[in-house]
Amino acid sequence: MQTETAERDPELERFEIELEFVQCLSNPYYLNFLAQHGYFREPAFINYLKYLKYWATPEYLKFLRYPQSLKFLELLQEEEFRKELANSERTKFIDRQVQH
């Protein structure tokens, strides 16, 4: 009998966490939050974004509900885009573009 405190599969847990994070990238306001709080200035965070590009492969792509998150992940590889996200007006503009 398993208890509620039974350990979860670490690979599955990592998969779920990374999937959720990648899908959060589809929200321009979340990206604005990250930019305003300095995440995009952290080399470790930029490296993490590079690492996450594996989600664009067919093996992982099929799990995404918000495919636009991959476009944002691609754009986040560019320093200029990351800087622009700190601007709330730019974020509103991006949000309007995504919704249409």
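Here, residue 1 is the first one in the sequence, and each next residue gets the next number.
- Using a 4.5 Å heavy-atom cutoff, the side chains of V22 and L19 are not in contact.
- Within the structure, no pair that satisfies the salt bridge (charged side-chain N to carboxylate O under 4.0 Å, His left out) test touches residues 24-44, not counting sequence neighbours.
- E89 is linked by a side-chain contact (heavy atoms from CB on, under 4.5 Å) to N87, K92, counting only residues two or more places apart in sequence or in another chain.
- Note that OH of Y48 is 4.0 Å distant from CD of E18, once rounded to the nearest 0.5 Å.
- Summarising the local packing, OH of Y39 is surrounded by 12 or fewer heavy atoms from other residues, nucleotides or ligands at distances under 6.0 Å.
- Residue pairs satisfying the salt bridge (charged side-chain N to carboxylate O under 4.0 Å, His left out) criterion with at least one member in residues 58-76, sequence neighbours excluded, are listed as follows: K71-E74.
- Looking at L49 and F21, their side chains come closer than 4.5 Å, going by heavy atoms from C-beta outward.
- Within 6.0 Å of CD on E79 lie no more than 12 heavy atoms contributed by other residues, nucleotides or ligands.
- Separation of the F15 and W55 ring centroids falls under the 6.0 Å cut-off.
- The ring pair (Phe, Tyr, Trp, His ring centres under 6.0 Å) pairs that include a residue from residues 66-94 number zero, where partners must be two or more places apart or lie in different chains.
- Both Y51 and Y60 belong to a common hydrophobic cluster when Ile, Leu, Val, Met, Phe, Trp and Tyr are linked at side-chain heavy-atom distances under 4.5 angstrom.
- Expressed to the nearest 0.5 Å, how far CG of L25 lies from CG of L75 amounts to 11.0 Å.
- Shown here are the side-chain contact (heavy atoms from CB on, under 4.5 Å) partners of N47, two or more places apart in sequence or in another chain: K50.
- Using a 4.0 Å cut-off between charged side-chain N and carboxylate O, E78 and R82 make no salt bridge.
- Residues that satisfy the side chain to side chain donor-acceptor pair (under 3.5 Å) test with R90, not counting sequence neighbours, are E84.
- Residues I94 and L85 are in side-chain contact: their nearest non-hydrogen atoms beyond the backbone lie under 4.5 Å apart.
- The side-chain hydrogen bond (donor to acceptor under 3.5 Å, both in side chains) analysis of residues 20-30, with sequence neighbours excluded, yields no pairs.
- A search for side chain to side chain donor-acceptor pair (under 3.5 Å) contacts involving E13 returns nothing, not counting sequence neighbours.
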